[in-house]
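Worksheet for the structure shown next.
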Amino acid sequence: MIPAKLKSNVKGLSGEIAIPGDKSISHRSVMFGSIAKGKTAVTNFLPGEDCLSTIACFRKLGVTIEQEGNKVTIIGQGMDGLQEPAGILDVGNSGTTIRLMMGILAGRPFHSVLVGDESIAKRPMTRVTTPLSLFGAKIHGRKNGEFTPLSVIGGPLSGVTYELPVASAQVKSALLFAGLQASGETVIIEPVKTRDHTERMITQFGGEVAADGQTIRVKGGQTLTGTEIHVPGDISSAAFFLAAGAIVPNSEITLKNVGLNPTRTGILEVLKQMGADFSIEPYENGSAEPAGDITIRTSKLKGTVIEGALIPRLIDEIPIIALLATQAEGETVIKDAEELKVKETNRIDTVVNELSELGAMITATEDGMVIRGKSFLAGGTVSSHGDHRIGMMLAIAAAISKGEVHLQQKEAISVSYPSFFDHLDSLISD
Ligand code: S3P
C-alpha cells in the first residue's frame with residue numbers, strides 16, 4: 001500500500017475534543033456483562049477494532065449483544081449461560097481479549113479455540129496458561145502453550161494463591177475471572193500494582209473482591225448482576241494529544257472526559273516532572289472510575305528518568321513519551337520497561353527505529369531507551385508496523401517535523417482510536 005502523507009510543520013493546535021472510551025474498560029464491560037445475569041447497558045463504549053473483537057467472541061459464545069456506535073447492550077445469563085462456540089474465536093489484534101477470555105473459558109465445561117492476527121501469534125501466553133493450569137485448566141498451544149492457536153478445555157477449577165512474576169493487569173484479570181469460578185478463595189500477589197479496572201468492575205456488578213496493596217482476594221461461586229456502565233475517555237488515547245499540546249508551537253487544547261484512575265495516570269506525573277503546562281478539572285460524579293478535563297499548552301520541557309513502579313502506570317504511553325523527550329532539554333532515560341518488547345510490536349525497537357528515521361537522537365537499551373533532546377525532526381518515511389500506538393505517535397511526530405512525513409500501515413490506528421485523524425485535524429489551527 002502507498003504510504004499516507006501526514007500533516008507536518010503544524011503551526012498550532014487549538015480547541016477541544018472529547019476523548020473516546022477507554023479500551024481496557026470497554027473490553028471488561030462486555031466480558032462482565034456477558035457473565036452477569038440480566039441486562040448491562042454501556043455508554044461511551046469504544047467502537048475500536050479490538051473491542052469489537054471482544055463483542056464478536058462473546059456473540060460466538062451465545063451471548064446477545066447489541067452495539068450501535070458507542071452504545072452497547074448485553075443480555076447476560078450468568079457464567080453458566082455461555083455456550084460452546086461452533087467455530088474458532090478470533091481476537092484480531094487484541095491481547096486483552098485473548099488473555100482475559102482464557103480466564104473465563106478455563107472454567108467453562110466445553111472446548112474452545114482462540115486465534116488472532118500475526119502480532120498475536122508472537123505474543124507470550126504461558127504467563128496466563130501456566131497459572132491457569134494451577135487452577136486445573138487444560139490449555140494447549142504451540143510451543144507448550146506459549147503461542148496461538150490456543151485450545152481450552154474448560155472444567156471445574158480450584159482457587160490458588162499465585163505470585164505474578166510480571167506486572168500485568170491482563171494476567172491478573174484472567175486469574176480473577178478464573179477465581180470467580182473456582183472453589184474456595186483465590187489470592188493474587190502483584191510485584192507492582194497494575195490497572196485495577198477488573199477489581200472495580202467486580203464490585204460494580206455486585207460481587208466482592210478485596211484488594212490490599214498488591215494482594216487481591218476473590219471468592220468463587222459469586223453471582224454478578226447486570227448494571228449500567230459509563231466508560232470514561234481513555235487516558236492512553238488522550239496521551240497523544242497531551243503530548244501534541246505540549247510540543248506543537250502556539251497550542252492550547254482541552255481534552256474532555258479523560259479517565260483519571262490513579263493506576264493509569266503515570267503520564268500526568270511524567271508531564272509534571274518534565275515541566276509541562278497543564279491543568280486538570282476533575283468531575284465529581286461518584287462513578288466507579290474517576291474522570292476529568294485536561295487543558296494543556298505549549299511547554300518548555302526538560303528531560304527526566306522514568307522507572308520502577310511508575311512503568312505499569314504508563315506502559316502504553318511510552319512511545320509518545322519518547323517523542324515528548326525528543327523535544328525536552330537534556331536526557332530522558334526510560335528503564336525497567338522490558339515488557340515493551342512483548343506488546344503489539346517490540347516497542348523498544350519500533351520506537352527507536354522510527355523516531356531515528358525522522359531525525360531523533362534515541363538509543364535502545366536492554367530495558368528501555370535513552371533519548372537526547374532537544375532534537376530537530378526533519379521528516380521521512382516511517383511505518384506503524386501494524387501497531388496502533390506507534391502509528392499515532394508518528395502522526396504527532398509528523399506535526400512537529402519540518403519536512404514531509406509518509407506513514408505506512410496507517411490503518412492500524414483504528415484498533416484503539418478510529419476517530420484519531422478527525423480529532424487531530426479539528427485541532428489544527430492553520
Ligand atoms: C491492559 C493491560 C496492559 C496494557 C494493555 C491493556 C488491560 O497489558 O499494555 O494495552 O486492559 O489489562 P499488560 O497487563 O499485559 O501489561
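Just follow the structure's listing: the first ligand is 1, and inside any ligand the first atom is 1. Keep in mind it's a predicted model, so treat the numbers as computed, not measured.
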**Message:** Regarding K335 and D367, does a basic nitrogen lie under 4.0 Å from an acidic carboxylate oxygen?
**Reply:**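 Answer for the salt bridge query: no.
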**Charged N-O contact under 4.0 Å between K172 and D196** = no
**Message:** If the contact criterion is a heavy-atom separation under 4.0 Å, does K172 count as touching ligand 1?
**Reply:** no
**Asked** Judged by non-hydrogen atoms, does T96 sit under 4.0 Å from ligand 1?
**Response**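 It does; at least one heavy atom falls under 4.0 Å.
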**Nearest non-hydrogen protein atom, atom 16 (O) of ligand 1** =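 For atom 16 (O) of ligand 1, the nearest protein heavy atom is K343 NZ, 3.0 Å.
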**Protein heavy atom at shortest distance from atom 12 (O) of ligand 1** =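 Here the nearest protein heavy atom works out to R28 NH2, 2.6 Å.
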**Item:** Selected option - heavy-atom contact closest to atom 14 (O) of ligand 1, from G95, S416, A169, P312
**Value:** A169
**Asked** Does S24 reach ligand 1 with a nitrogen or oxygen that is under 3.5 Å from one of the ligand's nitrogen or oxygen atoms?
**Response** yes
**Prompt:** Under 3.5 Å, N or O to N or O, is R389 touching ligand 1 that way?
**Reply:**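 Among all N and O atoms of R389, none is under 3.5 Å from an N or O of ligand 1.
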**Message:** Between T304 and Q273, is the side-chain hydrogen bond (donor to acceptor under 3.5 Å, both in side chains) condition met? List the steps.
**Reply:** CA-CA 7 Å; T304 188; Q273 284 170 31; 2.5 Å; yes
**Prompt:** Quick one: are the ring centres of F177 and F32 less than 6.0 Å apart?
**Reply:** yes
**Prompt:** Between Y417 and H423, is the ring centre distance below 6.0 Å?
**Reply:** yes
**Message:** Testing E344, K23, E49 one by one against H388 for a side-chain hydrogen bond (donor to acceptor under 3.5 Å, both in side chains), which residue passes?
**Reply:**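 Only one option passes, and that is E344.
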**Message:** Closer than 4.0 Å to some heavy atom of D316 - which atoms of ligand 1 meet that?
**Reply:**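 Close to D316: 4 (C), 5 (C), 9 (O), 10 (O).
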**Item:** S168 neighbourhood, listing ligand 1 atoms whose heavy-atom distance to it stays under 4.0 Å
**Value:** 13 (P), 14 (O), 15 (O)
**Message:** Measuring only between side-chain heavy atoms, which start at C-beta, is K341 closer than 4.5 Å to R347?
**Reply:** no
